[in-house]
Amino acid sequence: MRPNHNSTQNIARILTEALPYIRRYQGKTIVIKYGGNAMADQNLKQSFARDIIMMKLVGMNPVVVHGGGPQISKVLEKIGKESTFIDGLRVTDSETMDVVEMVLGGLVNKEIVSLINSLGGRAVGLTGKDGNLIRARKLHVKNNDPVLQRPEIIDYGHVGEVESVDPGIVQLLETQAFIPVIAPIGVGVDGQTYNINADRVAGKLAITLHAEKLMLLTNTPGVLDKNERLVAELKEHEIPDLIANKTIADGMIPKVECALDAIQNGVNSALILDGRVEHALLLELFTDAGVGTQIKAA
């Protein structure tokens, strides 16, 4: 059955609206952090994969960095290993790190790659260890609790932070029309493997690749104000007060800080998007309305 006149007009309007955005982003690198509900719901998985393929088909260079915390916890539970968290960070001993590497670099990474490829894309899975992509160092965190006589260093084990990024392998894949899908695992100068926050990895990659956009998928509409309303645009000078009064709190803090770091270091635009919305990436990239919160430097 042919679509009716009104629906064809809507299709034409949407395509016309998308055209200038397609031109603007053609040939540009877009780094996407993929996580949360978008990785758990089957419809959202399909939606995400199709968005990534569409971006590639119209001439963009999407680079995907994924998380996998819930999947790691499930595997640890199956083998009888208890998950321990301090201030939201998983304490990662050597045994846990083996599981993290297996889940992130194996199960989760290959599932995303297989899905994109099954829908017509050309994805390649990587960890930060491949091609010396991510050089990491051990994360050192101080506990400044006033009840302590002096600051205490919290040892998270094999939890790291990005020391440097060598983008050569990602750039090579881009020139060959592949879509890089990256697990946030790095290696230190001592040869130790480190689990790194996926938002931080995505941000550092966006800076190193001189990306046009950094897009962080999350399980909320974006940054919300005290009345639970979406903040469509957030400027740098507003962020400290919003953290101080706990409008921005918990897991949203590293996302906002990561986005801010990216735009302060050359990335043109950084956004926090609701990964629970089907085709969130295309809505943000190709429509006038957009979705989520845009972080601005000024």
Side-chain angles (χ1 to χ4, degrees), residues 25 28-41 44-69 71 103-131 133-134 162 165 167 169-186 196-219 255 258-259 262 267 269-275 277-285 292:
Y25 300 131
K28 301 294 178 65
T29 295
I30 314 288
V31 177
I32 304 105
K33 188 280 179 137
Y34 178 44
N37 281 22
M39 287 182 67
D41 179 275
L44 292 175
K45 289 180 184 180
Q46 297 268 338
S47 163
F48 175 82
R50 289 192 169 98
D51 285 3
I52 294 296
I53 293 167
M54 176 63 76
M55 291 167 66
K56 194 67 176 179
L57 287 174
V58 299
M60 301 179 194
N61 293 316
V63 176
V64 178
V65 179
H66 65 82
Q71 293 90 334
V103 174
L104 291 184
L107 299 175
V108 175
N109 189 272
K110 301 317 172 193
E111 181 187 7
I112 298 166
V113 168
S114 296
L115 181 57
I116 293 172
N117 290 346
S118 71
L119 294 172
R122 299 176 72 217
V124 174
L126 303 168
T127 75
K129 298 171 78 171
D130 294 310
L133 174 58
I134 301 171
V162 178
V165 176
I169 190 168
V170 173
Q171 292 168 333
L172 178 62
L173 290 172
E174 287 183 338
T175 63
Q176 299 299 313
F178 288 105
I179 300 166
V181 178
I182 301 165
I185 296 167
I196 311 172
N197 177 277
D199 292 320
R200 301 288 189 188
V201 170
K204 294 300 184 185
L205 266 171
I207 293 168
T208 305
L209 293 168
H210 307 291
E212 177 70 19
K213 278 183 182 287
L214 170 64
M215 307 176 81
L216 306 173
L217 294 179
T218 185
N219 283 342
K255 291 185 187 300
C258 168
V267 178
S269 176
L271 303 113
I272 298 172
L273 306 179
D274 192 344
V277 175
E278 286 194 28
H279 301 295
L281 297 178
L282 296 189
L283 289 170
E284 175 56 43
L285 287 166

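The figures here come from the full heavy-atom set of this structure, side chains too, leaving out hydrogens, waters and symmetry mates.
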Counting C-beta onward and ignoring hydrogens, is there a side-chain heavy-atom pair between [X] and [Y] closer than 4.5 Å?
X	Y	value
Pro62	Lys56	yes
Leu115	Phe48	no
Leu216	Leu273	no
Leu281	Met55	yes
Leu214	Leu271	no
Val108	His66	yes
Ile134	Ile185	no
Arg50	Ile116	no

Next on the checklist: Within the supplied structure, the quantity of interest is the number of heavy atoms (other residues, nucleotides, ligands) at a distance under 6.0 Å from Met54 CE; does it exceed 12?
Outcome noted: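 No.
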Item to check | Within 6.0 Å of NZ in Lys213, more than 12 heavy atoms from elsewhere | outcome: yes
Next on the checklist: Assess the residue pair Leu205 and Val65 against the criterion (side chain to side chain contact (heavy atoms under 4.5 Å, CB included)); give the C-alpha distance rounded to whole Å, side-chain angles, the decisive distance to 0.1 Å, and a yes or no.
Outcome noted: CA-CA 9 Å; Leu205 266 171; Val65 179; 3.5 Å; yes
Kindly give the heavy-atom pair with the smallest separation between [X] and [Y], and that separation in Å.
X	Y	answer
Ala183	Leu104	CB-O, 3.6 Å
Val113	Val181	CG2-CB, 3.9 Å
Ala123	Asn117	N-OD1, 2.6 Å
Ala211	Val31	CB-CG2, 4.0 Å
Leu119	Ala49	CD1-CB, 3.7 Å
Gly121	Ile53	N-CD1, 3.6 Å

Next on the checklist: Is there a side chain to side chain contact (heavy atoms under 4.5 Å, CB included) between Lys33 and Thr218? Walk through the geometry before answering.
Outcome noted: CA-CA 9 Å; Lys33 188 280 179 137; Thr218 185; over 6 Å; no
Atom pair [atom1]/[atom2] of [X] and [Y] - distance to nearest 0.5 Å:
X	Y	atom1	atom2	result
Ile32	Asp51	CD1	CG	9.0 Å
Ser269	Met215	OG	CE	8.0 Å
Ile182	Ile112	CD1	CD1	11.0 Å
Ile272	Glu284	CD1	CD	11.5 Å
Leu133	Thr127	CG	OG1	8.0 Å

Checklist entry - Could you walk me through whether Asn61 and Lys28 pass the side chain to side chain donor-acceptor pair (under 3.5 Å) check? => result CA-CA 6 Å; Asn61 293 316; Lys28 301 294 178 65; over 6 Å; no
Checklist entry - What do the steps show when you test Tyr25 against Leu285 for side chain to side chain contact (heavy atoms under 4.5 Å, CB included), and what is the final call? => result CA-CA 9 Å; Tyr25 300 131; Leu285 287 166; 3.9 Å; yes
Checklist entry - Distance-only, no hydrogens or angles: does the Arg122 side chain make a donor-acceptor pair with backbone N or O of Gln176 under 3.5 Å? => result yes
Next on the checklist: With side chain to side chain contact (heavy atoms under 4.5 Å, CB included) as the criterion, how do Ile52 and Ile179 come out once you've worked through the C-alpha distance, each side chain's angles and the decisive distance to 0.1 Å?
Outcome noted: CA-CA 8 Å; Ile52 294 296; Ile179 300 166; 3.8 Å; yes
Checklist entry - Partners of Glu111 by salt bridge (charged side-chain N to carboxylate O under 4.0 Å, His left out), sequence neighbours excluded? => result Lys45
Next on the checklist: List the residues meeting salt bridge (charged side-chain N to carboxylate O under 4.0 Å, His left out) with Lys255, not counting sequence neighbours, and say none if there are none.
Outcome noted: Asp199
